[in-house]
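Every value quoted in this text rests on a predicted model; they were computed, and no experiment measured them.
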Amino acid sequence: MRNEVALPASESPVSRWVLTSLAVVLVVETVLFVTYGRFNMDEGIYLNTGRLLFEYGMWPYRDYPFSQGPGAPLLYGLTDALFGNSLLLGRILSAAMSLTVVAAMAWFAHRMQNWVAAALVLLLVIVTFPAMWVFSQTRTETPAIFLAVLATIAWFQRKGGAAEFRAGQVARWALAPSLLVWATAFRLTYVFPLAVVCLLTFWELRRSPRTLGWTVGIIGINGLAAALPMLVFWEDTFFHIIESQWGRAERLGLDELPPSARFWFFRQPGTGFRAILFLSAFPLFEIVRNARRGWRPAVGHESATPLTFVIVMAALTYLPLLTFKLGFHQYFVNASLLLILAIGISIPSVARLSKGAGIFVSVAFAIAWGASASDSLAHLERWVSTDAPTIAKLAPVRREVEALTPDGCTMLTLETHIALEAGCDVTAGLEYSYFSYFPDMSDSHAREHGVLNRKLLLEGLRGDPPEYVALTREGAKQITGREFDRNEPPILRQMQGRYRLLQTLRLPIGPVYRFWDEVYLYARMDLQP
């Protein structure tokens, strides 16, 4: 008989107290990140796409450049129509999705093992600050991660491909692929796990043609709805998604990483990823142990363990991103969540092997978790910083710009969040901010794809100058290609003195973010003071 470690039952006061305490910590931490988490420029961009779609009927690809799937304009446009549009509301939506998906992970780990597995999942998420940072922001990764993790869990809610047809059975089979369809609508790289899950679904239902037909139909309807704008505007879609994405690193002056350094963020302090990779030895050990016992589960089949499937899904969500020239920690967040789920499921199983195994696993987890927690807290300023731009620090700027500009005004800016928060429209052609602007592109190529280069931008401004201009030093440099001079910014000089400096808005942020520490707001000369 194995000498197993005794644990409190799932219904015991101890287990309820532990899980409730961890849930409270997670909620408080989420609120902290939502309010004071470091700002990301993409947040205003994605919120603006929703406003363009629902308020003005402007479609991505056709009416303005957009380098992702059409999910973001649909989601944030719907929330704009229901609740209004602001950075804070967008972050609240992201926080709701993040808390839901972590709760689903904890529930699934509890169902596969016990309450300890759920507690381990919560503990690891709490100290993985990159995940908490992404979860607090309005961006495409957040809903994509939400849908992809739920799809992974939903795969195990399906029923066997019996000959007897039932509507509930079809819904369960179609759920995971349909969720991945919509994840792909937010981040196109999710097409890889989508393809694998669809193939597994079709294979398992091959002897149940009626169930297979209805399942394929449901997946197809979701796919058609999610991809409709891309299909309708397919000529523009190829340029905006493929060409503009591939060249963005060079265009925005970002550092490219060689293939050997695509995992560079694992070495960075304050991420928590190293602990996850170390603890991933336990699910891998379980998979190998099952194989050596002669049970070799085929991924996705009824005989497969959730552990194997979760590990494969983690790999499928990250490996395609290695083809990109850039490596960002947020690219690994979804894979890290799935690894956390696998760790939570595997550790109780390994610990039950013997008392010695239980002690070893407990010590290894405590060391890894403690190191990750101390490292993350020591580098908290990377994610929640008194020096960085945050929602809280942007609020005074928003109020000042809102007081100085009327609703519905037109504003030239690459800081889309400033116009969005002030209720202003971004200058035509810059709706997608930096990603709408190709300064060195030839005139003919820019006109063909409906984007702006430096010459076309200046021509448009001379013919129909916007009412206001809001520039940071970084935004002005991206537009003009020159260092910013607040008294005579090049782009305004070329517009023949049509603007006056209305106000300089200062953000109380540190020297690392000095290119965003001031916003220069200009008004057109013919406007009343």
Side-chain angles (χ1 to χ4, degrees), residues 46 49-50 53-54 57-62 66 68-82 93 97 100-101 104 140-238 240-241 300 309 313 316-317 320 334:
Y46 291 126
T49 63
L53 177 59
F54 273 71
M58 295 175 62
W59 284 92
Y61 320 120
R62 183 192 69 179
F66 194 64
Q68 302 290 348
L74 294 172
L75 173 65
Y76 298 124
L78 181 61
T79 55
D80 175 52
L82 293 175
L93 174 64
M97 287 189 286
T100 300
V101 80
T140 54
E141 286 94 347
T142 309
I145 291 169
F146 171 78
L147 293 166
V149 175
L150 290 185
T152 304
I153 295 172
W155 174 254
F156 297 98
Q157 311 311 309
R158 73 201 193 288
K159 300 297 181 181
E164 184 179 354
F165 174 81
R166 292 189 181 91
Q169 182 186 38
V170 171
R172 290 188 182 96
W173 275 105
L175 181 58
S178 297
L179 288 171
L180 283 171
V181 163
W182 285 102
T184 304
F186 287 93
R187 301 290 295 186
L188 294 173
T189 50
Y190 286 86
V191 70
F192 297 98
L194 169 63
V196 171
V197 169
C198 284
L199 288 174
L200 291 173
T201 301
F202 302 157
W203 174 258
E204 291 201 25
L205 292 177
R206 67 191 184 281
R207 293 188 178 91
S208 305
R210 191 179 179 191
T211 302
L212 175 60
W214 278 93
T215 301
V216 170
I218 293 173
I219 298 170
I221 290 171
N222 278 279
L224 183 63
L228 189 60
M230 300 172 65
L231 297 174
V232 173
F233 313 123
W234 65 272
E235 292 182 276
D236 297 316
T237 299
F238 181 83
H240 294 312
I241 289 180
F309 185 77
M313 289 295 289
L316 288 171
T317 59
N334 182 47

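To the nearest 0.5 Å, atoms CZ (Arg207) and CG (Leu212) are separated by 12.5 Å. Between the CH2 atom in Trp155 and the CZ atom in Arg172 there is a gap of 14.5 Å [rounded to 0.5 Å]. Taking CH2 from Trp173 and CG from Leu200, the interatomic distance works out to 9.0 Å, rounded to the nearest 0.5 Å. Remark: Thr211 OG1 to Leu205 CG distance equals 6.5 Å, nearest 0.5 Å. Taking OG1 of Thr142 as the reference point, atom CZ of Phe186 lies at 10.0 Å (rounded to 0.5 Å). One finds the CH2 atom of Trp182 at 10.5 Å from the CG atom of Leu75 (value rounded to the nearest 0.5 Å).
In this structure the side chain of Asn334 reaches within 4.5 angstrom of the side chain of Tyr190, judged on heavy atoms.
Listed here is the closest heavy atom pair of Val181 and Ala226: CG1-CB, 3.9 Å. Residues Trp59 and Pro229 come closest through the heavy atom pair CZ3-CG, 3.6 Å. Heavy-atom minimum distance, Pro193 versus Met313: CB-CE, 3.7 Å. Shortest non-hydrogen contact noted between Ala174 and Ile218 is CB-CG2, 3.7 Å. Between Pro60 and Phe233, the shortest heavy-atom distance links the atoms O-CD1, 3.8 Å.
Here Thr79 pairs with Tyr76, Phe83, Leu93 under the side-chain contact (heavy atoms from CB on, under 4.5 Å) rule; sequence neighbours left out. Taking Thr140 as the reference, Arg187 meet the side-chain hydrogen bond (donor to acceptor under 3.5 Å, both in side chains) condition, with sequence neighbours excluded. Residues passing the side-chain contact (heavy atoms from CB on, under 4.5 Å) test with Leu188 are Thr184, Met230, Ile241, sequence neighbours excluded. A search for side-chain hydrogen bond (donor to acceptor under 3.5 Å, both in side chains) contacts involving Ser178 returns Asn222, not counting sequence neighbours. The side-chain contact (heavy atoms from CB on, under 4.5 Å) test applied to Ala154 returns Leu175, Ala176, Leu179, not counting sequence neighbours. Applying the side-chain contact (heavy atoms from CB on, under 4.5 Å) criterion to Phe54, with sequence neighbours excluded, gives Leu78, Ala81.
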All N/O donor-acceptor pairs, side-chain side in residues 146-153, below 3.5 Å, sequence neighbours left out:
unit_1 : atom_1 : unit_2 : atom_2 : d
Thr152 : OG1    : Ala148 : O      : 3.0

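Test Leu199, Thr201, Leu194 against Val197 for side-chain contact (heavy atoms from CB on, under 4.5 Å) and you get one pass: Thr201.
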Exercise. Should Leu224 and Leu231 be marked as a side chain to side chain contact (heavy atoms under 4.5 Å, CB included) after you check the CA-CA gap, both sets of side-chain angles, and the distance that decides it?
Worked result: CA-CA 9 Å; Leu224 183 63; Leu231 297 174; 3.9 Å; yes

For this session: For Tyr61 and Trp234, run side chain to side chain contact (heavy atoms under 4.5 Å, CB included): C-alpha distance rounded to whole Å, both residues' side-chain angles, the deciding distance at 0.1 Å, then the answer.
Result: CA-CA 8 Å; Tyr61 320 120; Trp234 65 272; over 6 Å; no

